[in-house]
> 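Sharing a structure below in C-alpha cells format, with a few things to ask.
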Amino acid sequence: MGCCTGRCSLICLCALQLLSALERQIFDFLGFQWAPILGNFLHIIVVILGLFGTIQYRPRYIVVYTVWTALWVTWNVFIICFYLEVGGLSKDTDLMTFNISVHRSWWREHGPGCVRRVLPPSAHGMMDDYTYVSVTGCIVDFQYLEVIHSAVQILLSAGPRLAPVNTLNAAVGGALLEGNCEHMLPLGSDQTHSCSLPQPGAGQCGVHGLADLPLLAGNKDQSLVNRLNIRTKGERRRGKKALSLK
C-alpha cells in the first residue's frame with residue numbers, strides 16, 4: 001500500500017488528535033468534568049474511525065470524521081468562551097459537571113506552581129467545599145490552561161484544511177477509487193484482483209484531489225474490463241477443449 005502525501009498527513013494528524021484527546025481525558029477524569037469527559041470519549045471513537053477509514057480506504061468513515069471535526073471545533077470554541085466568561089458565561093458554575101457536583105477543573109488546584117492549602121472549616125462536615133481550600137502561587141491560572149487545551153484541539157482539527165495538500169480530498173479520493181474497483185468484481189468470483197492506486201512517479205501520489213477522480217477511475221475501470229475479457233476468453237477456450245475431448 002503506497003503512502004500518499006495527503007493520506008500520510010491525515011494519518012499523522014489523527015494520531016496526534018488521539019494522543020491529545022487521551023491526555024485531556026485523563027485530567028478531565030481527575031477533575032470529574034463529566035461534560036468534557038463525554039465529549040472526549042466521542043472524539044476518541046470518531047478519530048479511531050477516521051484513522052481506520054484513511055488506512056483502509058473507507059470513504060464513509062472519513063466523511064463521519066469530517067462532520068464530527070466541525071462539531072468538535074464548535075465544542076472547543078464554547079469551552080474557550082466558558083472559561084474566559086464570554087457572553088454571560090461563568091467558569092464558577094457547575095455546567096461542566098452537569099450540576100451534579102461542585103468539582104472544578106483539575107488544574108485549578110494542581111496547576112504549575114500552585115500551592116493547595118485546606119483551611120479549617122467554620123461548620124462541621126463542610127471539608128469538601130471549595131470555600132475552604134486556598135490555592136496560591138499559580139504560575140498560570142487554570143482557565144488559561146483549559147483555553148490552551150481547547151486551542152490545541154482546534155488547531156489539530158483544522159490541520160487538514162491548513163495543509164499544503166488537501167489531505168481530506170486525497171484520502172476520500174483514494175477510498176472512492178478503491179471502493180469503485182472492489183465493486184466492479186463479478187459476484188461469486190473466486191479470483192482476486194490487485195487494485196492498487198496508480199503511482200505516476202516516485203514519491204508522488206496518484207490522487208491529488210477529487211478533480212482527478214474521473215480520469216483515474218476511467219483508466220482503472222478500463223483495465224479491469226480488459227482483464228475480465230481475457231478471463232472470459234480463457235474460459236471459453238477451456239470449454240471448447242473439454243467438448244472436443246468428449
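As a basis for the values below, the full set of heavy atoms in this structure was taken, side chains included, without hydrogen atoms, waters or symmetry mates. Residue numbers count from 1 along this sequence.
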> Look at the aromatic rings of H149 and F27 and report parallel, tilted or perpendicular, splitting at 30° and 60°.
perpendicular

> Can you tell me how far CG of L22 sits from CD1 of I44, rounded to the nearest 0.5 angstrom?
4.5 Å

> Ignoring hydrogens, what is the shortest heavy-atom contact between C14 and G50? Give both atom names and the distance.
SG-C, 4.4 Å

> Report whether L13 and L19 are members of the same hydrophobic cluster (ILVMFWY, side-chain heavy atoms less than 4.5 Å apart, transitive linking).
no

> Is there a path of hydrophobic side-chain contacts, each under 4.5 Å between heavy atoms, that joins L145 and W106?
yes

> Side-chain contact test, heavy atoms from C-beta onward, threshold under 4.5 Å: evaluate it for M96 versus D28 and give yes or no.
no

> For W75 and F78, I'd like to know if the aromatic rings sit close, meaning centre-to-centre distance below 6.0 Å.
yes

> Looking only at heavy atoms, which two atoms of S157 and V73 are closest? And how far apart?
CB-CG2, 3.6 Å

> Is atom OH of Y61 surrounded by more than 12 heavy atoms (other residues, nucleotides or ligands) closer than 6.0 Å?
no

> Classify the ring geometry between W72 and H43 as parallel (under 30°), tilted (30 to 60°) or perpendicular (over 60°).
parallel

> Got a sec, which residues hit side-chain hydrogen bond (donor to acceptor under 3.5 Å, both in side chains) with R116, two or more places apart in sequence or on another chain?
E109

> Is it possible for you to say whether F98 and I79 belong to one hydrophobic cluster, with membership spreading through side-chain heavy-atom contacts below 4.5 Å?
no

> Under 3.5 Å, which donor-acceptor pairs do the side chains of residues 29-39 form with other protein atoms, sequence neighbours left out?
residue: Q33; atom: NE2; partner: G31; partner atom: O; Å: 2.9
residue: Q33; atom: NE2; partner: R104; partner atom: O; Å: 3.1

> How many angstroms lie between CD1 in I62 and CD in Q56, if you round to the nearest 0.5 Å?
11.0 Å

> When rounded to the nearest 0.5 angstrom, what is the spacing between CG in L16 and CG in L156?
6.0 Å

> Show me the pairs that pass side chain to side chain donor-acceptor pair (under 3.5 Å) and involve residues 137-147, at least two apart or across chains.
S105-E146

> Any non-hydrogen side-chain atom of I80 less than 4.5 Å from a side-chain atom of I154?
yes

> Run S150 and Y83 through side chain to side chain contact (heavy atoms under 4.5 Å, CB included) and show every step you take.
CA-CA 10 Å; S150 296; Y83 282 105; over 6 Å; no

> Output the distance between atom SG (C114) and atom CZ (R108), rounded to the nearest 0.5 Å.
10.5 Å

> I need the minimum non-hydrogen distance between V135 and C138, along with the two atoms involved.
CG1-SG, 3.6 Å

> Is any side-chain heavy atom of K91 closer than 4.5 Å to one of F142?
yes

> Would W107 and V140 count as a side chain to side chain contact (heavy atoms under 4.5 Å, CB included) if you check the C-alpha gap in whole Å, the side-chain angles of each, and the deciding distance to 0.1 Å?
CA-CA 9 Å; W107 298 105; V140 182; over 6 Å; no

> When rounded to the nearest 0.5 angstrom, what distance separates CG in N40 from CD1 in I26?
10.5 Å

> Report yes or no: do W68 and F52 belong to one cluster of Ile/Leu/Val/Met/Phe/Trp/Tyr joined by side chain heavy-atom distances under 4.5 Å?
no

> Quick check: do I11 and L51 have side-chain heavy atoms less than 4.5 Å from each other?
yes

> How many angstroms lie between CZ in R7 and SG in C12, if you round to the nearest 0.5 Å?
11.5 Å

